[in-house]
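See structure below.
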Amino acid sequence: MRIATWNVNSLKVRLPHVLDWVGKHRPDVVCLQETKLEDVNFPLDAFSNAGYQALFSGQKTYNGVAILSRSACSDVVAAVPGFDDAQKRVLAATVDGVRVVCVYVPNGESIDSEKYRYKLKWLAALNAWLKRELERFPRVAVLGDFNIAPEARDVHDPLVWDGQVLFSTPEREAFKNLLALGLKDGFRLFEQPEKSFTWWDYRMNAFRRKMGLRIDHVLLSTELAKLCTACSIDVDPRKAERPSDHAPVIADLKIP
DNA sequence: ATGGTAGAAACTCTA
């Protein structure tokens, strides 16, 4: 079973990229973030023709998440239960016995921003909910844009980013608190190249200069981590014409 | 110095 996550930064613009990519990599499940589409405009037929069912929770202009899957989904949840949030950032479903949770964690803007406080509250609510999901399901995969670089090696220049949003101590603590629930960072289960990043600013030729951050993650419950045979970042889509600013992350699971 | 780019929408906000 191959699962993946990709912040597409507008599914309207990136639909050809996504169709091309799923054709190449044949994932069983793909979590998408920043679709920026109202549900009525979701390109269901295009994915259906490519062999995928789709769940989606979107809104105009901002946010929006979706799960593409080859198999049917059940137990669909489109928000963190009990957390009042107008922003469409969460989608969960059970696919082939795996509890898939697609997340688009708030960016936070800057550490003195109201949006940053919202980000930390949002992460606390996610944590409390995932704790319960992990009690319900042995096989849990949380995939998405976490907008947090967990460690110094996940940042092109840790001194420049020290204390900044996406790399501040409270955010990294919140990420550690997710791992403390019994989740593993899938990418770090394997040896990886240095300077492995998933996001590069559109500005300042950041991609060409390898000035990125690793902020998109695949977190796996203990049982799923044992079944994970590979996890990698595919930087190729970032080289395309009109790319998303994020690259996809892929994990392979050997489900018995 | 407070840039620079991209997307959506509507001349600004978010990332």
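Each chain gets a letter, A, B and so on, in the order the sequences are listed, and its residues count up from 1. Heavy-atom basis, side chains included; hydrogens, waters and symmetry copies ignored.
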What is the distance, rounded to the nearest whole Å, between atom [atom1] of [X] and atom [atom2] of [N]?
X        : N      : atom1 : atom2 : value
A/Gln164 : B/dA15 : CD    : C1'   : 15 Å
A/Tyr104 : B/dT14 : OH    : P     : 11 Å
A/His246 : B/dA15 : NE2   : P     : 11 Å
A/Arg209 : B/dT5  : CZ    : C1'   : 14 Å
A/Gln87  : B/dA15 : CD    : C1'   : 12 Å
A/Glu114 : B/dA15 : CD    : P     : 13 Å
A/Tyr116 : B/dA15 : OH    : C1'   : 17 Å
A/Leu213 : B/dA15 : CG    : C1'   : 12 Å

Between [M] and [N], how far apart are the [atom1] atoms? Round to whole Å, please.
N      : M      : atom1 : answer
B/dA8  : B/dG3  : C1'   : 22 Å
B/dA1  : B/dA6  : P     : 28 Å
B/dT14 : B/dA9  : P     : 15 Å
B/dT5  : B/dA10 : P     : 24 Å

Within less than 4.0 Å of OP1 or OP2 of B/dG7, is there a side-chain N or O belonging to A/Arg14?
-> yes
A/Lys115 vs B/dT14: side-chain N/O to OP1/OP2 distance below 4.0 Å = yes
Side chain of [X] - closest among [options]:
X        : options              : answer
A/Lys12  : B/dA15, B/dG7, B/dA8 : B/dA8
A/Met204 : B/dT14, B/dG7, B/dG4 : B/dG4
A/Tyr62  : B/dG4, B/dT14, B/dA8 : B/dT14

Fit a plane to each ring of A/Phe42 and A/Phe56, take the angle between them on a 0 to 90° scale, and name the class: parallel (under 30°), tilted (30 to 60°) or perpendicular (over 60°).
-> parallel
On DNA chain B, nearest-nucleotide positions of A/Pro243 versus A/Asn63: which is more 5'?
-> A/Pro243
5' priority, DNA chain B, between A/Glu109 and A/Arg242 [closest heavy atom] | A/Arg242
Is the side chain of [X] donor-acceptor paired with the backbone N or O of [Y] at a distance under 3.5 Å, no angle test?
X        : Y        : value
A/Arg2   : A/Ile250 : no
A/Asn127 : A/Leu123 : no
A/Arg238 : A/Asp245 : yes

Across the strands shown, which category fits A/Phe207 at heavy-atom distances under 4.0 angstrom: base, sugar-phosphate, nothing?
-> nothing
Evaluation steps, salt bridge (charged side-chain N to carboxylate O under 4.0 Å, His left out), between A/Lys226 and A/Glu223 | CA-CA 5 Å; A/Lys226 286 179 191 159; A/Glu223 182 172 322; over 6 Å; no
